[in-house]
Colleague: 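The structure is given below, and queries will be raised subsequently.
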Amino acid sequence: MVSPEQRARFERFAPLLVREGVDIRTAGIADLEAGMQRAQQRHRVAVEQVRAVLAAHARGDTSAAGELLEALEMTADASPRRSPTP
């Protein structure tokens with residue numbers, strides 16, 4: 001059972017957790033924490049990809065920047081948007 005205080009900690013991250021398939025209203029603490037870990041990993045990867053695009057652009061390598069940006073967009077399009085678990 002998740003206390004109201006524990007659930008409140010995750011409330012502001014509800015959109016990220018829903019994307020990971022976690023419903024903060026019904027999930028247990030283990031599911032909430034696992035969802036947060038998945039969301040944090042997805043965020044880290046996205047930040048690395050954006051930095052690579054910016055670095056290529058800063059070097060003046062617009063071809064590489066364009067390819068990296070296209071890959072980033074395809075990753076965003078392919079990322080799961082799962083329904084929350086009951």
Side-chain angles (χ1 to χ4, degrees):
M1 182 77 179
V2 179
S3 73
E5 294 80 22
Q6 288 173 315
R7 197 168 305 287
R9 283 188 7 218
F10 294 95
E11 192 71 36
R12 67 183 238 201
F13 301 109
L16 294 174
L17 290 166
V18 166
R19 185 177 187 138
E20 296 301 325
V22 179
D23 183 346
I24 66 166
R25 295 169 298 163
T26 59
I29 193 70
D31 290 334
L32 290 167
E33 289 175 348
M36 282 302 300
Q37 288 177 348
R38 289 190 305 271
Q40 289 170 340
Q41 178 61 28
R42 187 180 310 282
H43 177 75
R44 277 191 290 277
V45 169
V47 167
E48 290 171 10
Q49 290 174 319
V50 169
R51 287 182 177 156
V53 170
L54 294 173
H57 182 69
R59 304 191 296 273
D61 191 349
T62 55
S63 177
E67 289 175 16
L68 290 165
L69 186 57
E70 186 175 320
L72 178 62
E73 290 171 347
M74 288 178 14
T75 300
D77 289 343
S79 50
R81 287 172 177 81
R82 298 180 228 165
S83 299
T85 54

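Quick caveat, the model's predicted, so the values are computed rather than measured. Side-chain atoms are counted along with the backbone in the values below, which use heavy atoms only and exclude waters and symmetry mates.
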Colleague: Minimum heavy-atom separation for A65 and H57, please, with both atom names.
Modeller: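 Of all heavy-atom pairs spanning A65 and H57, the closest is CB-N, 3.9 Å.
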
Colleague: Does Q6 use its side chain to pair, donor to acceptor, with the backbone of S3 at less than 3.5 Å?
Modeller: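 Side chain of Q6 to backbone of S3, a donor-acceptor pair under 3.5 Å: yes, one is there.
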
Colleague: Identify the heavy atoms of V22 and A27 that sit nearest to each other, and give their distance.
Modeller: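 Heavy-atom minimum between the residues: CG1-CB, 3.6 Å.
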
Colleague: What closest approach, in Å, do V53 and L68 show between heavy atoms, and which atom pair accounts for it?
Modeller: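 In this case the closest contact between V53 and L68 is CG2-CB, 3.5 Å.
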
Colleague: I need the H43 NE2 to E48 CD distance, nearest 0.5 Å.
Modeller: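 It is 10.0 Å, given to the nearest 0.5 Å.
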
Colleague: Once rounded to the nearest 0.5 Å, what's the spacing between atom CG of L17 and atom CZ of R25?
Modeller: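 Here the rounded value is 12.5 Å.
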
Colleague: How far apart are the closest heavy atoms of L16 and A39, and which atoms are they?
Modeller: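 In this case the closest contact between L16 and A39 is CB-CB, 4.2 Å.
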
Colleague: Can you tell me how far CD of E11 sits from CZ of R7, rounded to the nearest 0.5 angstrom?
Modeller: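 Rounded to the nearest 0.5 Å, the CZ-CD separation comes out at 9.0 Å.
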
Colleague: Testing the basics here: between A14 and I24, what is the closest heavy-atom pair and its distance to 0.1 Å?
Modeller: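 Smallest interatomic distance, heavy atoms only, reads CB-CD1, 3.9 Å.
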
Colleague: Do you see a donor-acceptor pair shorter than 3.5 Å between the side chains of R44 and Q41?
Modeller: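 Yes, Q41 and R44 have a side-chain donor paired with an acceptor closer than 3.5 Å.
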
Colleague: Report the distance from atom CE of M36 to atom CG of D31, rounding to the nearest 0.5 Å.
Modeller: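 Spacing of CE (M36) from CG (D31) equals 13.5 Å.
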
Colleague: So which heavy atom on F10 is nearest to which on I29, and how close?
Modeller: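 Closest heavy-atom pair between F10 and I29: CE1-CD1, 3.7 Å.
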
Colleague: Considering residues, nucleotides and ligands other than Q40, do more than 12 of their heavy atoms fall under 6.0 Å from its CD?
Modeller: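 Counting neighbours around CD of Q40, more than 12 heavy atoms of other residues, nucleotides or ligands fall under 6.0 Å, so yes.
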
Colleague: So how far is it from L54 CG to R59 CZ, rounded to the nearest 0.5 Å?
Modeller: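 These two atoms lie 11.0 Å from each other.
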
Colleague: As an exercise, state the distance from CD of E20 to CG of L32, rounded to the nearest 0.5 Å.
Modeller: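 Reported value, rounded in 0.5 Å steps: 12.5 Å.
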
Colleague: So, R42 side chain and Q37 main chain: donor-acceptor pair closer than 3.5 Å or not?
Modeller: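 Not confirmed, R42 side chain does not pair with Q37 backbone.
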
